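Keep in mind the model is a prediction, meaning the values are calculated, not measured. First listed ligand is number 1; within each ligand, the first listed atom is number 1.
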Amino acid sequence: MPTQPPHGSSAEPPVPHVRVAVIGGGFSGLGAGARLLRYGIEDFVILERGADVGGTWRDNTYPGACCDVPSNLYSFSFAPNPTWSRSFSPQPEIQEYLRRCAREFGLLPYLRFEHEVRAARWNDAASLWELETSRGPLTANVLLAGGGPLSEPSYPDIKGLTTAFEGEIFHSSRWNHGYDLRGKRVAVIGTGASAIQFVPQIQPRVAHLDLYQRTAPWIMPRTDRALTGTERALYKAVPPLQKAVRLGLFWGRETFWLGFNGKHPGMVKRIEGIARMHLRRGVRDQELRAKLTPDFTIGCKRILLSNDYYPSLEQDNVDVVTDRIAEVRANSVVTADGVERPCDAIILGTGFQATDMPMAHMITGRDGVLLADAWKDGMAAHQSATTAGFPNLFFVIGPNSGLGHSSMTLVIEAQIKYAVDAIRQMDRHDIADLDVTRAAQDAYNARLHAKLDGTVWVTGGCDSWYLDSRTGKNTTLWPDFVWKFMWMNRRFSPAGHRARRWDQVREPRPTAASVAAPTEGV
Ligand code: NAP
């Protein structure tokens, strides 16, 4: 039974308490749950605002949604899947993989669906986080934030978009499958990783497609293929074989970092050459090719992979529009040159709020400081994991943990390892809370940003979601080999942290509580 934490009044119903509250039921939350259980920590819940696990792989159901990292690498190291159908898996398979992980790792009793976390406040006197969820309050000693940086859609600020337009409008990550695109005039805004996947899928169906491109992306060939039955049988029968393939993919991708670090311009030119050749092969029309030629160094924005995007843009029913959108009217989009193009539907492939983590607006730390205010000059954390003034809050995919060249599952596992190790050390030494010092955080970030300054993300002449629009600082990416991130996070180091023992906490310690209620439907 859940216990009542010390701050609850006797007249109120008891507020459930857990040792660890995990936010998000995607790769991060499920990975965290699996590792907590592995170390015998059972007093936790995974709070998920949706009705299923999967996170971004549940939400992004747009036609053609696929991973652009090979599946043998884009999966948990402890849960290889010998049955992937392709080298780069489609969204439904990844979603199913995560459902299976939830079942097989025994996470169903810990999942709380449709529990949206609306606020989290640190109570210093009791050493716990007070959470408000859509299903009521909850307290936790440790908060593990795994909500994902690409979970909140970014809606463009275009005149008339939300007020004047009378047709159908939706974001790529909130695809309206009930809306039939057949025979419709469709405007697509954005040419990022999502748009280049769904545009070739919808182009044959629609009457006309206007693709509004602000910046032409670099696109490389996609080396996707179906895995043979023999390969799958071998992976199943000889698991080390799949591990070896994963290792090969890992080290192969590590070399990509050399193209991003700003020290190998020759290598960058060669990669750009391959992408230019891909464009020449995909688009014969010279005028269109000129529009689709990027004007920044490759790698500055995420490098996209597609074999069907360029050919789809040469079809008669597609126009690539590069003039700035001036306004949206009831049934049309008007560009700055005054041209009005009629449309029945607008699809926003405009990305996510990555640098302004929406969660930061609802987390209040020590002394009542809102995380968004602590981060007013940009997101910052110690080792991407903890932020000064927010004790016992651990991020999974925290600031500067993103990758431009490898699998985010590696980062996710590394950050979970770090957080769970911190929890185990706290348990071992009877520590109530840990708070990184401002000095340690600043010193870490000074080193990190010195490294970032030379990278193509900063010097490549582009504006991307990697950069904070307020400061121009890169607050999202990890500027080094992935193995170094994994090594740094292999265990929690208490250096640079203030630790408080339970006997130093003013209010009595809440006793452990278990919250086990089997979850249906996964
Ligand atoms: P994105 O890469 O951020 O692209 C957004 C697009 O919208 C860009 O072309 C951007 O133009 C455009 N845009 C934004 N605001 C606009 C405005 N006001 N007017 C006109 N155009 C506007 O978003 P995304 O394609 O959804 O991808 C986001 C990230 O999700 C990716 O980088 C990747 O990390 C991840 N993703 C991964 C996969 C995968 O296969 N694993 C698939 C999809 C997405 P500018 O370039 O000029 O800013």
S.K.: Using a strict cut-off of 4.0 Å, indicate which atoms of ligand 1 neighbour a heavy atom of Y62.
M.R.: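 Listed by number with element, the hits are 42 (C), 43 (C).
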S.K.: Would you mind running through ligand 1 and noting each atom that sits below 4.0 Å from a heavy atom of G351?
M.R.: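 Heavy-atom distances to G351 below 4.0 Å select 3 (O), 5 (C), 23 (O), 24 (P), 26 (O).
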S.K.: Given Q91, R302, Q213, which has its nearest heavy atom closest to atom 34 (O) of ligand 1?
M.R.: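 Ranked by closest heavy atom to atom 34 (O) of ligand 1, first place is R302.
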S.K.: Which one of G192, S172, A65 has a non-hydrogen atom at the shortest distance from atom 2 (O) of ligand 1?
M.R.: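 The residue whose heavy atom sits nearest atom 2 (O) of ligand 1 is G192.
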S.K.: Side-chain donor-acceptor pair under 3.5 Å between T293 and D295, yes or no?
M.R.: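 Per modelled atom types, T293 and D295 side chains form no pair under 3.5 Å.
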S.K.: Show the atoms of ligand 1 that are less than 4.0 angstrom away from any heavy atom in I189.
M.R.: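 Ligand 1 atoms under the 4.0 Å threshold to I189: 20 (C), 21 (N).
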S.K.: Measuring centre to centre across the rings, with the benzene-like ring taken for any Trp, is Y74 within less than 6.0 Å of W57?
M.R.: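 Yes.
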S.K.: Looking at F170 versus W175, is the centre-to-centre ring distance below 6.0 Å?
M.R.: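 Ring centroids of F170 and W175 are less than 6.0 Å from each other.
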S.K.: With heavy atoms of L150 as the reference, note each atom of ligand 1 found under 4.0 Å away.
M.R.: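 Answer for ligand 1: 29 (C), 30 (O), 34 (O), 35 (C).
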S.K.: For atom 3 (O) of ligand 1, what's the nearest protein heavy atom and its distance?
M.R.: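 That would be W465 CD1, 3.2 Å.
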S.K.: Any atoms of ligand 1 less than 4.0 Å from a non-hydrogen atom of D68? List them with their elements.
M.R.: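 Answer for ligand 1: 39 (C), 40 (O), 41 (N).
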S.K.: Run down the list S194, G404, C66, S154 and name the one with the heavy atom closest to atom 24 (P) of ligand 1.
M.R.: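 Selected option, by shortest heavy-atom distance: S194.
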S.K.: Does a donor on one side chain sit under 3.5 Å from an acceptor on the other, for S384 and S401?
M.R.: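 No, no side-chain donor-acceptor pair sits under 3.5 Å.
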S.K.: Would you mind listing which atoms of ligand 1 come within a distance below 4.0 Å of any non-hydrogen atom of G349?
M.R.: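 Going through ligand 1 atom by atom, the ones under 4.0 Å from G349 are 4 (O), 5 (C), 6 (C), 7 (O).
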S.K.: Is the shortest heavy-atom distance from the side chain of L348 to the side chain of P156 under 4.5 Å?
M.R.: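 Heavy-atom side-chain distance check passes, below 4.5 Å.
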S.K.: Looking only at side-chain N and O atoms, does Q203 offer a donor or acceptor that is under 3.5 Å from a partner on N317?
M.R.: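 Yes, side-chain donor-acceptor contact under 3.5 Å.
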S.K.: Just jot down the ligand 1 atoms closer than 4.0 angstrom to any heavy atom of G190, in number order.
M.R.: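 Reading through ligand 1 atom by atom, the close ones are 6 (C), 7 (O), 9 (O), 12 (C).
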S.K.: When you measure from atom 48 (O) of ligand 1 to every protein heavy atom, which one gives the shortest distance, and what is it?
M.R.: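 For this ligand atom, the closest protein heavy atom is R214 NH2, 2.9 Å.
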S.K.: Are W84 and Y97, when compared by the centres of their aromatic rings, separated by less than 6.0 Å?
M.R.: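 Close enough - the centres of the two rings lie under 6.0 Å apart.
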S.K.: Can you sort out which atoms of ligand 1 are near Q197, meaning under 4.0 Å from one of its heavy atoms?
M.R.: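 Heavy-atom distances to Q197 below 4.0 Å select 40 (O), 42 (C).
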S.K.: Ignoring hydrogens and geometry beyond distance, is a side-chain donor-acceptor pair present between N331 and R185 at under 3.5 Å?
M.R.: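 No donor-acceptor contact under 3.5 Å links the two side chains.
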S.K.: So is Y212 touching ligand 1 or not, going by heavy atoms under 4.0 Å?
M.R.: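 Distance cut 4.0 Å: Y212 fails for ligand 1.
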S.K.: Check if R324 has a non-hydrogen atom at a distance under 4.0 Å from any atom of ligand 1.
M.R.: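 Heavy atoms of R324 never come under 4.0 Å of ligand 1.
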S.K.: Determine the interplanar angle of the W257 and W457 rings, folded into 0 to 90°, and report it as parallel if under 30°, tilted if 30 to 60°, perpendicular if over 60°.
M.R.: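 Ring orientation, 0 to 90° scale: tilted.
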